[in-house]
Amino acid sequence: MHLVLVDGSTFIFRAFHALPPLTRKSDGLPVGCVSGFCTMLHKLTEDLKGEDAPTHMAVIFDHSAKSFRSDFYPDYKAHRPPPPEELVPQFPLTRAASRAFSIPCIEMEGWEADDIIATYAVMARQAGGRATIVSSDKDLMQLIDAEGRVRMLDTLPRPGQPPLRWIGPNEVFEKFGVAPEKVVEVQALCGDAVDNVPGVPGIGVKTAAELINTYGDVETLLARATEIKQPARRQKLIDNAELARVSRRLVTLSQDVPVELPIDALVREPIAPGKLFPFLKAMEFSTFTRRIAGLIGADPDAWEADPELRAANAAPTGTSATTAGAAPSEVSAGTGVAGASGEDTPVRLAAAEAERIRALPFATDAYEIVVSRERLADWIADARAMGHVAVDTETTGLDNQQADLVGISLSTRPGHACYIPLGHAGGESDMFGGGRAEGQLDMRETLATLKPLFEDRSILKIGHNVKYDMGLLVRYGITLAPIDDTLLMAYALDGARNNSMEALGQAWLGHSGTPIKDLIGTGKSQITFAQVPIPEAARYAAEDADMTIRLWHVLRPRLVAENATTVYETLERPLSPVLMRMEGRGISVDRGILARLSGDFAQRAAAFEAEAQELAGEPFNLGSPKQLGEILFGKMALPGGTKTKTGQWATGADVLEDLALQGVPLARAVVEWRQLTKLMGTYTNALPGYINARTGRVHTSYHQAAVLTGRLSSNEPNLQNIPVRTEDGRKIRTAFVAAPGKMLISADYSQIELRVLAHIADIQALKDAFEEGLDIHAMTASEMFGVPIEGMPSEVRRRAKAINFGIIYGISAFGLANQLSIERSEARAYIEAYFAKFPGIKDYMDAQKRRVKADGHVTTLFGRRIPFPNATSSNPSERAFIERASINAPIQGSAADIIRRAMIRMEPALKRAGIAADMLLQVHDELIFEVPEGTEDAAIPVIREVMENAAVPAVHLTVPIRVDAHAARDWDGAH
DNA sequence: GCAAGGACGTA
DNA sequence: GTACGTCCTTGCA
């Protein structure tokens, strides 16, 4: 006997996350997950052949979130958000799917699927048979036995591994460091964040395994805990003995569930066409139906769709179809799902195209390596015939200002791609071997041949994060244009989730591609792409171009279907080349200034370090919050210590500042030391390392699709967090200088977010204040506290300012109290007063909270959607967090959209005005330019004009937008 | 060598 | 209370 037990949850979960959710029946019911479920179930029966073929089989489901475990530990699985809305109607359908395949499906109230699986597995073994558990749930690993009579099978396809992954005692040992029968002991100690099993705080899997291997089991360990040498570990175990026992009960599976069906009732039956086809037809899985029909030699047309499934599950038309989860999502209710059967709505066309592309197989060995001029010409001709081509460059590094070109891949249509190797190193050459590999076209000549195509305004070049390739190719004399970018398309559609090629491929193509580390390795032994053998490189590179063009085919129609075209075309696509040029220009940084500052800071830091150790009475590492906390709150026993979530003493700047005010000189010394070492570590010492040897300047990279509100982010180095608040910090800005004969101009929006808020929430009092050019914080204070603006105490204004910022951040009494070091009740009174004075604010905040829950997203003034897939989370603190974020996101995001529009228009405007200004940096509400000395006064009005009018004509703001701009030799002076 | 946590720089 | 990226220590391989 071989009993195969399928964990239904694993299949559902995987089907949901692996597949695009666009699949719907003609009546609008989402069935993508059911479809995936059927595919996986069928594939499993196909894969289990020969001695692995099941004689008995069942699919086991969870009945509900409640099980007997909640009775003795109410928090069990309490973190779990409710299932996404579109998944709910699919649950009964997955049961129906199992039955349609003639496989019994089992679920029982009060028991988790895992308990039922455990019970049946044990029954099979006691009957002298074998059991296979198809699941990826590690909680089931405790059931595996050493004789191979109970095994697990994970069907997740992982690149480079066989599709079936058998899990036996060895794999269990790999994961838990112990034999299967000890798994529960380890889990009892290390807990499980996902299921909310507490475990012993501070003990992870590794430590748990070590302890269990020494002591055998939890009870013995707890009994002999005093023998443990490490003091911290010993104490943790003693303190949390009860947690460990409860955890052990939680993770131990019941093996005596009173199951209704005896094992004999699970005998595998052949597929019954009379059961299967009515189901598949009701689900409208036409492709799958044909495939199965072919396999079992039946005529599906002999059966009608199951009328009950049809009627019972017809979705009410017009229901919001907001979705959640890792897969790309979001079909809004109004865009054509409702009603209409067979009509060619944009949504339907996009879904059909996605399905068509997904069905195309990958054949990585079929890609061509281009080594002749003739074939190169053929590919160029093909690109011209198509009017578009996907382009991907392979290089020696991640920094496109420094890396060398190694090869180029092209794809003109799905499955049809090539690789043009240009800079691969010779075979046996090691790092310094120098040789050039055989079988490559000449780089210069090839680039010259490609240049007309790459610069042809009538041929679209498609890339994934094409800014990288553009920035690289510019250095080789090629200006890639026009471009489309699948990364930016995905960002416009689904926001800042994981939009990597790998993730999008997995979600939309069912294929994640080859990880680059498979080719170049990782860490110390990493090689560059130039050292990768050409055939291997070609498979990887061409696959990337192939995936890019496939994604383009899927995402482009979605832009129209999901109303994201305007955002993509006006805020994303045109910005990309602008950022590429800014990155290429870089900014000049004065090494000498940084070196002098570094010396100064180091000296002063050393003095504070000595003082701190003197005051502490012992030498310790000031950089270790852990050691500091123990000295302050342990050794010195200072009052008022709080702990972080991991049980460490909190020693943040606010805590130390409090202590310093209470007369703890050690706290003051550490605050000063931290400031100085921060400035050294992150800026004065680190920045020189970013000066590019070729250009002598520092080139940051902007990430255009990283921030959920639509802001940019900057990295390597981050030039958006150069210090400005403290005097020492500002000195670092003096090292950012204009090139000889040039000047820097800094132009920044004044109070842009508060102005945007005044417009969006329509607050007349705020608008009037901006119109009159008042000090907005002082005005707020005078309104709220009835204090005249003339002679207002600075403390009063400070509080009003904190409240204004608080509003933008989605204020809470808790947060405001923290910020102002006041009682929470007082903070609450302030907020009430604010709402009373500006009632529109409360309306705005409530409206955003409603919207985010109803739609799963909020939008900026310019139509950018900012998704919050967990807006209806059952976790109250998560929900509150999302509410605050949904209040902030339209404000921060609209301001971000405005400066994007300004940046897109800036270069043409300067050119028209005949001003040779180069835009170098963006810092959220500030733009930095470099201009020839003497042209500052001409440049500033143009810059200001573009920035102040960036919103029109798309949006006519009902508040004035003001820009402050100054010129100086260095950034500090200009700011 | 790598990941997580704490801390801290900016808007 | 919002949004990021980087550095350092710690604790594991």
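Labels below follow one simple rule: chain letters A, B, ... track the order of the sequence lines, proteins then strands, and each chain is numbered from 1.
Side-chain nitrogen and oxygen atoms of A:Q627 include at least one within less than 4.0 Å of the OP1 or OP2 phosphate oxygen of C:dT10. Taking side-chain N and O atoms only, A:T644 has no distance below 4.0 Å to OP1 or OP2 of B:dG5. Of the side-chain N and O atoms in A:R711, none sit less than 4.0 angstrom from OP1 or OP2 of C:dC4. In this structure, A:S713 reaches the C:dG5 phosphate: one of its side-chain N or O atoms is under 4.0 Å from OP1 or OP2. Contact check, A:N721 against C:dC4: no side-chain N or O comes under 4.0 Å of OP1 or OP2. In this structure, A:S714 does not reach the C:dG5 phosphate: none of its side-chain N or O atoms is under 4.0 Å from OP1 or OP2.
C:dA13 atom P lies 8 Å from atom CD of A:E210, rounded to whole Å. We find that CG of A:L628 is positioned 10 Å from P of B:dC8, with the value rounded to whole Å. Between A:Y683 atom OH and B:dT10 atom C1' the separation is 7 Å, expressed in whole Å. Residue A:L676 contributes atom CG, which lies 15 Å from atom C1' of B:dA7 at whole-angstrom precision. Put simply, CD1 on A:I882 is 12 Å from P on C:dT2, counting in whole angstrom units. One atom, CD of A:E926, and another, P of B:dG9, lie 18 Å apart when rounded to the nearest Å. Straight-line distance from the CH2 atom of A:W673 to the C1' atom of C:dC7: 11 Å, rounded to whole Å. Taking atom CG on A:L719 and atom C1' on B:dA11, their separation rounds to 14 Å, with Å as the unit.
Backbone-only contact: A:T651 has heavy atoms under 4.0 Å from sugar-phosphate atoms and none from a base. Counting any heavy atom pair closer than 4.0 Å across all strands shown, A:E716 reaches sugar-phosphate atoms only and no base atom. When heavy atoms are screened at a 4.0 angstrom cut-off, A:G652 is found touching the sugar-phosphate backbone but no base atom. In this structure, A:A817 reaches neither bases nor backbone, as no heavy-atom distance under 4.0 Å exists between it and the strands shown. Within 4.0 Å (heavy atoms only), A:L679 reaches no atom of the nucleic acid at all. Using a 4.0 Å heavy-atom criterion, one finds that A:L712 contacts no nucleic acid atom at all. Here A:A686 lies in heavy-atom contact (under 4.0 Å) with sugar-phosphate atoms only. Looking at heavy-atom distances under 4.0 Å, A:T646 makes contact with sugar-phosphate atoms alone, never a base. Within the 4.0 angstrom heavy-atom criterion, base atoms lie near A:L816.
Applying the 3.5 Å distance criterion, the base of C:dG5 shares no donor-acceptor pair with the side chain of A:N718. For a distance-only test at 3.5 Å, the side chain of A:K678 qualifies as a donor-acceptor partner of the base of B:dC8. You won't find any donor-acceptor pair under 3.5 Å spanning the side chain of A:Q720 and the base of B:dT10, going by distance alone.
Here the side chain of A:R799 pairs no donor or acceptor atom with the backbone of A:L820 at under 3.5 angstrom. Within the 3.5 Å criterion, the main-chain N or O of A:L594 finds no donor-acceptor partner in the side chain of A:Y683.
Distances were taken from every side-chain heavy atom of A:A653 (C-beta onward) to each of B:dA11, C:dG1, B:dC8; the shortest belongs to B:dC8. Here the nucleotide nearest the side chain of A:Y809, chosen from C:dG5, B:dA11, C:dT9, is B:dA11. Of the listed nucleotides (C:dT2, B:dA7, C:dT6), C:dT6 has the atom at the smallest distance from the side chain of A:T682. When distances are taken from the side chain of A:S624 to each of B:dA11, C:dC4, C:dT9, the shortest belongs to C:dT9. You'll find that the side chain of A:Y690 is closest to C:dC7, out of B:dA11, C:dT10, C:dC7. Distances were taken from every side-chain heavy atom of A:P625 (C-beta onward) to each of C:dG1, C:dA3, B:dG6; the shortest belongs to B:dG6. Comparing B:dG9, B:dC2, B:dT10 against the side chain of A:R725 picks out B:dT10 as the nearest. Out of B:dG9, C:dG11, C:dG5, the shortest distance to the side chain of A:N715 is found at C:dG5. Looking at the side chain of A:R674, the nearest of the listed nucleotides B:dT10, C:dA3, B:dC8 is B:dC8. For A:K524, the listed nucleotide lying nearest its side chain is B:dG1; candidates were B:dG1, B:dG9, C:dG1.
With salt bridges taken as basic N to acidic carboxylate O contacts below 4.0 Å, none links A:E727 and A:R730.
Here the closest non-hydrogen pair linking A:K731 and A:R604 is NZ-NH1, 4.2 Å. Listed here is the closest heavy atom pair of A:V205 and A:K175: CG1-O, 3.6 Å.
A 6.0 Å sphere centred on CD of A:E826 holds more than 12 heavy atoms belonging to other residues, nucleotides or ligands. For A:K837, the NZ atom sits in a loose shell: 12 or fewer heavy atoms of surrounding residues, nucleotides or ligands are nearer than 6.0 Å.
Test A:R851, A:R850, A:Q848 against A:S886 for side-chain contact (heavy atoms from CB on, under 4.5 Å) and you get one pass: A:Q848.
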